[in-house]
Amino acid sequence: DAGVTQSPTHLIKTRGQQVTLRCSPKSGHDTVSWYQQALGQGPQFIFQYYEEEERQRGNFPDRFSGHQFPNYSSELNVNALLLGDSALYLCASSGGTEGVTSGYTFGSGTRLTVV
Amino acid sequence: AQSVTQPDIHITVSEGASLELRCNYSYGATPYLFWYVQSPGQGLQLLLKYFSGDTLVQGIKGFEAEFKRSQSSFNLRKPSVHWSDAAEYFCAVGRIIQGAQKLVFGQGTRLTINP
């Protein structure tokens, strides 16, 4: 049973460019959350998608946007990249409202480096 | 706003010694509490969780944690550490906001094991 799959694993972009990160949730999960983990920090909540809609958003600018597809997979898009966007981006999936009580399943992340 | 504090950024213990990682949270209601472990370059793996019932919870890999409401703490313990326990450990509080769930993480504690 595949867990959460994220692609690509590593990415190098130039400041000002745009990037798209992808996530396939664990089988049976319909909710996807994205987190940003800067070096030496804990993950920070970006947003959550359920039924193809953004359900909640953290303290991130509009340069960060996302999408969820009918098969529950999700994309995270970041426009006008800044050096400070360099981080590990983690995708977490859960079933409906179970995430907070059962814990999430995290992917291994995408390491984004902005130069 | 809720917050999670892990007072120890880095802890070093000898293999076979006991371990306690501290976590304090700030949250008005009964929290959902989690401990995650992250190996270098990897995503997060759930060690254990608490949201009701017995305040001493058992997790995977021989870890346990105790919820103390009076101290707003959820410390992680292990009686005898193994070299493979070297990793970053994150405490997190789960919240449900407007139907969406999110995790608020502490800064993390890096655990080094001396042979």
Side-chain angles (χ1 to χ4, degrees), chain A residues 3-7 9-10 21 23 25-26 29-51 53-60 66 68 87-111 113, chain B residues 1-10 21 23-25 27 29-53 57 59-60 63 65 74 87-110:
Chain A
V4 177
T5 304
Q6 292 188 243
S7 63
T9 55
H10 295 84
L21 311 182
C23 172
K26 181 179 179 178
H29 285 180
D30 56 7
T31 301
V32 172
S33 303
W34 287 92
Y35 288 80
Q36 180 195 64
Q37 185 179 15
L39 198 62
Q41 302 294 318
Q44 289 198 332
F45 176 78
I46 302 175
F47 41 52
Q48 182 177 90
Y49 278 86
Y50 173 69
E51 292 188 341
E53 290 191 0
E54 183 180 295
R55 209 156 61 163
Q56 183 66 217
R57 188 179 186 89
N59 188 25
F60 281 81
Q68 185 178 36
L88 181 67
Y89 288 85
L90 296 166
C91 173
S93 73
S94 62
T97 58
E98 297 173 357
V100 170
T101 55
S102 66
Y104 296 84
T105 300
F106 280 83
S108 296
T110 294
R111 172 71 64 185
T113 302
Chain B
Q2 75 281 6
S3 65
V4 178
T5 302
Q6 294 181 245
D8 304 304
I9 295 175
H10 184 204
L21 303 183
C23 172
N24 293 96
Y25 65 89
Y27 185 53
T30 299
Y32 301 100
L33 294 163
F34 303 86
W35 275 98
Y36 285 86
V37 61
Q38 184 177 39
S39 298
Q42 299 298 311
L44 302 172
Q45 181 183 21
L46 179 66
L47 285 176
L48 46 77
K49 62 186 185 239
Y50 171 81
F51 53 91
S52 67
V57 293
I60 62 171
F63 285 92
F74 188 56
E88 189 91 20
Y89 290 80
F90 292 96
C91 180
V93 169
R95 288 200 63 193
I96 299 176
I97 303 173
Q98 297 175 343
Q101 324 113 49
K102 73 172 190 178
L103 295 173
V104 177
F105 287 88
Q107 186 176 350
T109 297
R110 183 160 61 94

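Chain A is the first sequence line, chain B the second, and so forth, proteins listed ahead of strands; every chain is numbered from 1.
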Requested in this report: Mark yes or no for whether A:Y35, through its side chain, and B:L103, through its backbone, hold a donor-acceptor pair below 3.5 Å.
Outcome: yes

Requested in this report: For residues A:F106 and B:Y36, report the shortest heavy-atom separation together with the two atoms involved.
Outcome: CE1-CE2, 3.7 Å

Report summary line: For B:Q42 and A:L88, the nearest pair of non-hydrogen atoms, with its separation, is O-CD2, 4.1 Å

Query raised in the report: Is it the case that more than 12 heavy atoms not belonging to B:R110 sit under 6.0 Å from its CZ atom?
Result: no

**Report entry** Interchain contact, B:L44 with chain A, by part (heavy-atom threshold 4.5 Å)
**Finding:** both

**Report entry** Interatomic distance, A:Y104 atom OH to B:K102 atom NZ [nearest 0.5 angstrom]
**Finding:** 10.5 Å

Query - Part of A:Q37 within contact of chain B (heavy atom distance under 4.5 Å) - result: side chain

Query raised in the report: Hey, which of A:P43, A:G42, A:C91, A:G109 has the most heavy atom pairs under 4.5 Å with chain B?
Result: A:P43

Query raised in the report: Between B:E88 and chain A, which part of the residue has a heavy atom less than 4.5 Å away: side chain, backbone, both or neither?
Result: neither

Report task. Can you establish whether the number of heavy atoms outside A:L39 located under 6.0 Å from its atom CG is more than 12? Result -> no

**Report entry** Top of B:Q45, B:Q6, B:Q38 for chain A proximity - count of heavy-atom pairs under 4.5 angstrom
**Finding:** B:Q38

Query raised in the report: Would the number of heavy atoms belonging to other residues, nucleotides or ligands and lying under 6.0 Å from CD of A:Q44 be above 12?
Result: no

